[in-house]
Amino acid sequence: MAKKFKDYYDTDCARLLAQKISIVSANFDADDFIDYIASNLGERSFSERQELFAEAFSRYLKGSYEEIIETFFQILGPELETAEGMFTFGWWLWPIGKYVEINGLQNYDLSLQFIYELTKRFTGEFAMRPLIAHAPKKTMEALVEWSTDENVHVRRLSSECMRIRLPWAKKSYAAIEEFDLFKEVLGNLKNDPYKFVQKSVGNNLNDLMKEKPDLANEIISEWEQDEPGKATLWIIKHGKRSLK
């Protein structure tokens, strides 16, 4: 029987995380951390398991939020070298992202800095959602900058995290409320050579088409008047895919 996705986040995952943390944190009780996870896994769903790990971090990592994030910085490991491999190599980082998602507003700027690094190894779209909700304009301005980053994962995150209908997340209307910034991010990415990024931009357009088709068509119309290349044409088609 194939292993369910949620089952990757089990006692073995707790041991892996404990091993990495123990190397950089002298006062971390690895055994208690592992025992806490093992004792409370039960039949928890995927999301509930992520929350359990985040709770365990809060219980057994000593110090302030800033000190805990510094520990996480130290265990991130090398950046992904290609657009692929996010889940293959970075799957164990999901609970760390959940911790930041839950606690990130304790230090907005530090959390933004950490997510920027996290997404180079895994992904950070869910951790970004509370920051977007808390400070839409400030966060979207950061996304404009990220949309021109040399790292493909950062560019993809600049699009993916602001999707109105991001799967597994509450709806966000920052794309509409800060439409000019939203449009600037997508415009910076419309010719991105990576399908990984193009798909995210197309999904953003598709989400917007379902909520505010006039705004989605405004973006598409502007792009179509600017001699769109192959990437842009694919994004437009992907953005229109739900239309009948």
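Quantities reported herein were computed from a predicted structural model and do not represent experimental measurements.
Formation of a donor-acceptor pair under 3.5 Å by the Ser147 side chain with backbone atoms of Leu189 is not found in this model. Judged by distance alone, with hydrogens and angles left aside, the side-chain atoms of Ser200 form no donor-acceptor pair with the main-chain N or O of Val197 at under 3.5 Å. The main-chain N or O of Lys170 is found under 3.5 Å from a side-chain atom of Arg129 such that the two form a donor-acceptor pair. Proximity of a side-chain donor or acceptor of Ser25 to a complementary backbone N or O of Ile21 within less than 3.5 Å is not detected.
Within 6.0 Å of CD on Glu218 lie more than 12 heavy atoms contributed by other residues, nucleotides or ligands. Summarising the local packing, NZ of Lys6 is surrounded by more than 12 heavy atoms from other residues, nucleotides or ligands at distances under 6.0 Å. Residue Glu227 qualifies as open at atom CD: its count of foreign heavy atoms under 6.0 Å is 12 or below. The 12-atom threshold is not exceeded at CZ of Phe89, counting heavy atoms of other residues, nucleotides or ligands nearer than 6.0 Å. Heavy atoms from other residues, nucleotides or ligands lying under 6.0 Å from NZ of Lys195 number more than 12.
Salt-bridge annotation for Arg49 and Asp7: present, with a side-chain N of the basic residue lying under 4.0 Å from a carboxylate O of the acidic one. Using a cut-off of 4.0 Å between Lys/Arg side-chain N and Asp/Glu carboxylate O, Lys183 and Glu222 are scored as salt-bridged.
Side-chain atoms of Arg163 and Asn206 form no donor-acceptor pair, as typed in the model, at a separation below 3.5 Å. Looking only at atom types and distance, the side chain of Asp109 has no donor-acceptor partner in the side chain of Ser111 under 3.5 Å away. For the residue pair Ser159 and Asn204, a side-chain donor N or O sits within less than 3.5 Å of a side-chain acceptor on the partner. Between the side chains of Arg156 and Tyr194, no donor N or O sits under 3.5 Å from an acceptor N or O. Between the side chains of Gln225 and Ser221, at least one donor-acceptor pair of N or O atoms lies under 3.5 Å.
Lys137 is linked by a side-chain contact (heavy atoms from CB on, under 4.5 Å) to Glu141, Glu178, Leu181, counting only residues two or more places apart in sequence or in another chain. Residues satisfying the side-chain contact (heavy atoms from CB on, under 4.5 Å) criterion with Arg165, sequence neighbours excluded, are Lys171, Asp207, Lys210, Glu211. The salt bridge (charged side-chain N to carboxylate O under 4.0 Å, His left out) check on Lys20 picks up nothing, with sequence neighbours excluded. Judged as a side-chain contact (heavy atoms from CB on, under 4.5 Å), and not counting sequence neighbours, the contacts of Ser22 are Phe28, Ala30. In this structure, Asp180 has no side-chain contact (heavy atoms from CB on, under 4.5 Å) partners at least two apart in sequence or on a different chain. Taking the salt bridge (charged side-chain N to carboxylate O under 4.0 Å, His left out) definition, one finds that Asp149 meets it with nothing, sequence neighbours left out.
When ring centroids are compared, Trp94 and Tyr8 stay outside the 6.0 Å threshold. For an aromatic pair to be called close, the ring centres must be under 6.0 Å apart, and Phe114 with Phe73 satisfies this. Side-chain rings of Trp91 and Tyr9 approach one another, their centers coming within less than 6.0 Å.
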Q.
side-chain contact (heavy atoms from CB on, under 4.5 Å), that's the test. Do Trp146 and Leu112 meet it? Break it down for me.
A. CA-CA 11 Å; Trp146 290 6; Leu112 194 68; 3.8 Å; yes
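We find the CD-CD distance between Glu51 and Glu101 to be 8.5 Å, quoted to the nearest 0.5 Å. From Leu17, atom CG reaches atom CD1 of Ile34 across 9.5 Å, with rounding to the nearest 0.5 Å. In this structure, OG on Ser45 lies 12.5 Å from CZ on Phe5, to the nearest 0.5 angstrom. Atoms OG1 and NE2, from Thr82 and His153 in turn, are 6.0 Å apart once rounded to the nearest 0.5 Å.
Taking 4.5 Å as the limit, every side-chain heavy atom of Thr119 sits out of range of all side-chain heavy atoms of Met128.
In this structure, His134 and Tyr108 have tilted ring planes: the angle between them lies in the 30° to 60° band. In this pair, Phe57 and Phe72 present their aromatic rings perpendicular. The plane angle is above 60°, beyond the 30 to 60° band.
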